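Because the structure is predicted, anything quoted here is derived from the model rather than measured.
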Amino acid sequence: MAWISFPNLLPTYFVKECLFSLPSTVGIPQYLDLATVNKTRPSCARVKVLVDLLDELPKKVRMDIVDEATGDVRTEWVIIKYDYIPKYCKECKLQGHDMIECWRIHPELMSNDQHKKSAEVNGNNKEQPNQPLMILSSEKVFGNTKLTGEQWKEVRDNRVKNGA
């Protein structure tokens, strides 16, 4: 979800049909803000839109306005201002950073503490090699002993015993 603004939009376009068709070039319009509905800020319209963060977001929208009396068509360009777009990395498919800040693409951006945490998460911890993967199921912890060729086995039972 993102809020987008149409600065310097003429007050004649402050009708719901127009305000929902303009942002449809960006995504799926959801809500108009209260100032737009009440027309208390006539210089700018704001709409909340469901956007696809993988798409290129347009900077302006073209409106073709037809004069019904003469049939003449005039074109106006409406500027789109994105109030807040969440960062999304197309490389690692995570929200919160973009490709410029991605540690997979730019490992030099990662500090030493982050290198250690990343190594532990990815199973590359040199201090404890060949650690089995652990999953929690029904309050029991199972170890994947695939590294030694064995099947999954119960490592620890975390359930609370009655009367204990």
Side-chain angles (χ1 to χ4, degrees), residues 1-126 131 133-142 144 146 158:
M1 296 290 231
W3 281 100
I4 61 172
S5 300
F6 299 101
N8 304 320
L9 188 66
L10 295 175
T12 55
Y13 302 127
F14 271 64
V15 291
K16 188 174 182 178
E17 293 80 18
C18 184
L19 291 174
F20 269 78
S21 64
L22 283 173
S24 64
T25 60
V26 175
I28 302 169
Q30 301 292 313
Y31 311 103
L32 299 173
D33 78 332
L34 198 56
T36 303
V37 171
N38 295 333
K39 298 180 179 109
T40 57
R41 186 185 52 235
S43 63
C44 181
R46 291 185 68 216
V47 183
K48 193 171 198 177
V49 179
L50 182 64
V51 296
D52 184 0
L53 296 175
L54 293 175
D55 287 345
E56 290 294 323
L57 301 175
K59 304 283 187 230
K60 55 187 175 177
V61 176
R62 185 177 106 183
M63 284 195 321
D64 292 330
I65 302 152
V66 180
D67 185 353
E68 293 179 6
T70 62
D72 292 338
V73 178
R74 68 182 165 98
T75 300
E76 285 189 26
W77 288 94
V78 178
I79 297 171
I80 301 173
K81 181 182 170 231
Y82 297 93
D83 295 343
Y84 174 72
I85 296 288
K87 291 182 179 181
Y88 184 76
C89 180
K90 295 177 183 177
E91 173 67 24
C92 57
K93 310 285 190 273
L94 293 174
Q95 190 172 331
H97 67 276
D98 54 15
M99 292 177 66
I100 295 170
E101 301 168 340
C102 184
W103 295 340
R104 286 186 182 179
I105 299 172
H106 308 287
E108 66 275 4
L109 297 175
M110 197 181 303
S111 69
N112 285 338
D113 291 339
Q114 292 165 335
H115 273 295
K116 287 180 186 177
K117 288 178 185 175
S118 176
E120 289 171 5
V121 168
N122 293 329
N124 298 333
N125 190 351
K126 293 184 171 60
Q131 286 294 313
L133 298 175
M134 306 297 274
I135 57 171
L136 186 62
S137 174
S138 303
E139 299 180 17
K140 292 183 180 183
V141 179
F142 289 85
N144 181 359
K146 191 191 303 186
N158 287 344

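V26 and P58 make their closest contact through CG2-CG, 4.0 Å (heavy atoms, listed as atom of the first residue, atom of the second, distance). For the pair P11 and P42, the tightest heavy-atom approach, listed with the atom from each and the gap, is CG-O, 4.4 Å. Counting all heavy atoms, side chain and backbone alike, S5 lies closest to P7 at O-CD, 3.4 Å.
How far SG of C18 is from CD1 of I65: 8.0 Å, rounded to the nearest 0.5 Å. Put simply, OH on Y13 and CG on L19 are 11.5 Å apart, with the number rounded to the nearest 0.5 Å. Atoms CD and CG, on E76 and L10 in that order, are 6.0 Å from each other to the nearest 0.5 Å. A distance of 11.5 Å separates CG in L53 from CG in D98, rounded to the nearest 0.5 Å. For the atom pair CG (L32) and NZ (K39), the distance works out to 10.0 Å, reported to the nearest 0.5 Å. Taking CD1 of I4 as the start and CZ of R46 as the end, the distance is 10.0 Å to the nearest 0.5 Å.
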**Asked** Could you go step by step and tell me if T25 and R62 meet the side chain to side chain contact (heavy atoms under 4.5 Å, CB included) rule?
**Response** CA-CA 10 Å; T25 60; R62 185 177 106 183; over 6 Å; no

| query | Could you go step by step and tell me if D72 and T70 meet the side chain to side chain donor-acceptor pair (under 3.5 Å) rule? | reply | CA-CA 5 Å; D72 292 338; T70 62; 3.3 Å; yes

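Side chain of Q30 to main chain of I28: a donor-acceptor pair is present (N/O by atom type, distance under 3.5 Å, no hydrogens or angles). Checked by atom type and distance alone, the side chain of D55 never pairs as donor or acceptor with a backbone atom of L57 at under 3.5 Å.
At a threshold of 4.5 Å between non-hydrogen side-chain atoms, the residues F6 and I80 count as touching. Counting heavy atoms from C-beta outward, V66 and D64 have side chains that stay 4.5 Å or more apart. Side chains of V47 and T36 form no contact here, defined as non-hydrogen atoms less than 4.5 Å apart. Here the side chains of H97 and C92 are in contact, with some heavy-atom distance below 4.5 Å.
Surrounding CG of L54 are more than 12 heavy atoms belonging to other residues, nucleotides or ligands, all under 6.0 Å away. Shown here is I79, whose CD1 atom has no more than 12 heavy atoms of other residues, nucleotides or ligands within 6.0 Å. Counting non-hydrogen atoms of neighbouring residues, nucleotides and ligands closer than 6.0 angstrom, the OH atom of Y31 reaches no more than 12 such neighbours. Within a 6.0 Å sphere centred on CZ of R104, heavy atoms belonging to other residues, nucleotides or ligands number 12 at most. Taking a 6.0 Å sphere around NZ of K16, one finds it holds 12 or fewer heavy atoms contributed by other residues, nucleotides or ligands. Atom CG of D52 has more than 12 neighbouring heavy atoms from other residues, nucleotides or ligands inside a 6.0 Å radius.
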